[in-house]
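Below is one structure; the comments refer to it alone.
Note that the numbering runs from 1 along the sequence shown for the chain. Since we're looking at a predicted model, the values are computed, not measured.
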Amino acid sequence: MGKQLGFYLTSEEENQLLNEIRNVSERVVDAMGENIENLMNIEITQFYILPKGGNFRYFNEKRGSFSQGESDIIQFCRTKYYTERGAEPGRIWTELRYWDGNENLITKDKALDDLYKQIVKMIKKRTTKLKDSPYYISQSAQEYIQVNDLTIN
C-alpha cells in the first residue's frame with residue numbers, strides 16, 4: 001500500500017531539493033510535528049512533508065509522535081555517508097491507504113499522491129537509475145562515493 005523511492009544525493013543537493021519541496025507543500029516537520037525552519041541543518045536526518053490541506057491530526061502520545069500510517073505525510077530520509085559502512089540511500093516514502101479501527105480500508109487524499117509524484121520527478125531530474133538496482137544516484141553523489149572509496153549499500 002506504500003510507495004518509496006531510494007536515492008543517493010549530496011547534502012547540498014538534498015538541501016536544494018528540500019527547499020523546492022517546501023515551496024510546493026504545506027509544511028515540513030520533524031517527528032514531533034514541529035515545523036523545521038532550518039532545512040540546511042544536516043543533523044536532522046528525517047523530515048515529514050505535508051501536502052497542502054493534508055491531514056495531520058493523529059498524534060501517538062505513547063510513542064511521542066504522529067501516526068505515519070494515518071497521517072497524510074511523506075517521509076524524507078537523507079542519504080548517509082559513513083567511512084566504515086559506506087553510503088546508505090536516502091528515501092521518500094508514503095502510505096496511500098490504511099486500515100482504520102473498524103477494519104475499513106481508508107484511501108488518503110489524492111493531494112498526497114500528487115505531491116509524492118511531484119517529489120519523485122524532482123529527484124529523478126537530478127539523478128540516474130543505478131544499473132541492477134532500485135536506487136537513483138546523482139553525478140555529484142557518485143563522484144563523492146568514488147573519491148572517498150565508499151561502497152553503495
Side-chain angles (χ1 to χ4, degrees), residues 1-56 58-59 63-98 108-153:
M1 288 193 286
K3 291 180 167 188
Q4 72 175 341
L5 179 78
F7 55 84
Y8 295 91
L9 295 171
T10 63
S11 293
E12 182 178 296
E13 290 169 324
E14 287 177 346
N15 288 337
Q16 291 169 353
L17 175 63
L18 284 163
N19 280 322
E20 281 183 44
I21 290 170
R22 178 178 268 167
N23 292 331
V24 298
S25 64
E26 179 76 27
R27 58 190 177 132
V28 179
V29 300
D30 64 15
M32 296 298 291
E34 299 294 323
N35 285 336
I36 297 174
E37 299 304 323
N38 183 8
L39 295 175
M40 301 295 211
N41 182 352
I42 61 170
E43 300 298 315
I44 303 171
T45 60
Q46 189 168 285
F47 303 90
Y48 295 93
I49 303 156
L50 284 70
K52 294 187 175 172
N55 177 5
F56 192 65
Y58 300 96
F59 193 87
R63 288 192 356 221
S65 65
F66 55 89
S67 168
Q68 294 181 30
E70 295 173 352
S71 294
D72 293 344
I73 52 114
I74 297 167
Q75 180 189 59
F76 183 104
C77 298
R78 288 185 179 271
T79 307
K80 297 179 187 94
Y81 297 97
Y82 301 103
T83 306
E84 292 116 22
R85 296 190 328 217
E88 292 182 3
R91 77 169 186 160
I92 59 166
W93 168 87
T94 193
E95 280 291 335
L96 298 176
R97 298 183 295 173
Y98 68 95
K108 295 181 182 180
D109 193 278
K110 185 178 178 323
L112 178 64
D113 192 32
D114 291 345
L115 180 59
Y116 176 85
K117 289 174 184 173
Q118 189 173 6
I119 295 169
V120 165
K121 285 180 186 176
M122 291 176 185
I123 292 170
K124 287 184 175 180
K125 81 176 184 184
R126 292 172 162 79
T127 60
T128 57
K129 191 166 185 306
L130 284 167
K131 185 177 179 182
D132 301 322
S133 171
Y135 302 113
Y136 289 78
I137 190 166
S138 72
Q139 183 65 38
S140 296
Q142 195 159 21
E143 290 169 4
Y144 181 85
I145 289 166
Q146 288 172 343
V147 166
N148 291 286
D149 198 29
L150 300 175
T151 57
I152 292 178
N153 297 323

d(Ile74 CD1, Ile119 CD1) to nearest 0.5 Å is 4.0 Å
Determine whether Tyr82 and Lys80 satisfy the following criterion, side chain to side chain contact (heavy atoms under 4.5 Å, CB included), listing intermediate values before the conclusion. CA-CA 7 Å; Tyr82 301 103; Lys80 297 179 187 94; 3.0 Å; yes
Nearest 0.5 angstrom please: Gln46 CD to Gln75 CD, how far? 4.0 Å
What pair of heavy atoms forms the shortest contact from Thr127 to Ser138, and how long is it? CG2-N, 3.6 Å
Are Leu18 and Phe47 packed together at the side-chain level, in the sense that at least one heavy-atom pair is separated by less than 4.5 angstrom? yes
I need the full list of side chain to side chain donor-acceptor pair (under 3.5 Å) pairs touching residues 109-122, with sequence neighbours left out, sorted by first then second residue. Lys3-Asp113, Lys110-Asp114, Asp113-Lys117
What is the ring orientation for Phe7 with Phe76, classed by angle as parallel under 30°, tilted 30 to 60°, or perpendicular over 60°? tilted
Start with the C-alpha distance between Lys108 and Glu95, add both sets of side-chain angles, then the distance that settles side chain to side chain contact (heavy atoms under 4.5 Å, CB included), and finish with yes or no. CA-CA 8 Å; Lys108 295 181 182 180; Glu95 280 291 335; 3.8 Å; yes
For the residue pair Tyr135 and Leu5, establish whether any side-chain heavy-atom pair is separated by less than 4.5 Å. no
Heavy atoms of Leu50 and Ser25 approach each other most closely as O-CB, 3.3 Å
Between the CG atom in Asp72 and the OH atom in Tyr98, the distance rounded to the nearest 0.5 Å is 8.0 Å
About how many Å separate CD1 of Ile21 and CD1 of Ile49, when rounded to the nearest 0.5 Å? 4.0 Å
Look at the side chain of Asn153 and the backbone N and O of Arg85, then say whether any donor-acceptor pair between them is shorter than 3.5 Å. yes
Between Ile123 and Glu13, is there a side-chain heavy-atom distance shorter than 4.5 Å? no
Taking the side chain as every heavy atom from C-beta outward, state whether Tyr81 and Glu88 have any pair of such atoms under 4.5 Å apart. no
Taking the side chain as every heavy atom from C-beta outward, state whether Tyr8 and Ile152 have any pair of such atoms under 4.5 Å apart. yes
Ion pair check, Glu20 and Arg126, cut-off under 4.0 Å: yes
What verdict does the side chain to side chain contact (heavy atoms under 4.5 Å, CB included) test give for Leu17 and Arg22, after you've listed the backbone C-alpha separation in whole Å, the side-chain angles of each residue and the deciding distance to 0.1 Å? CA-CA 9 Å; Leu17 175 63; Arg22 178 178 268 167; over 6 Å; no
Side-chain heavy atoms of Ile145 within contact of Ile137, under 4.5 Å: yes
Gap between atom CG of Leu150 and atom CD of Glu84 - 0.5 Å precision: 10.5 Å
Minimum heavy-atom separation for Pro51 to Ala111, with atom names? CB-O, 3.9 Å
Polar side chain donor-acceptor pair, Glu14 to Thr79, under 3.5 angstrom: yes
About how many Å separate NZ of Lys52 and CG of Leu115, when rounded to the nearest 0.5 Å? 9.5 Å
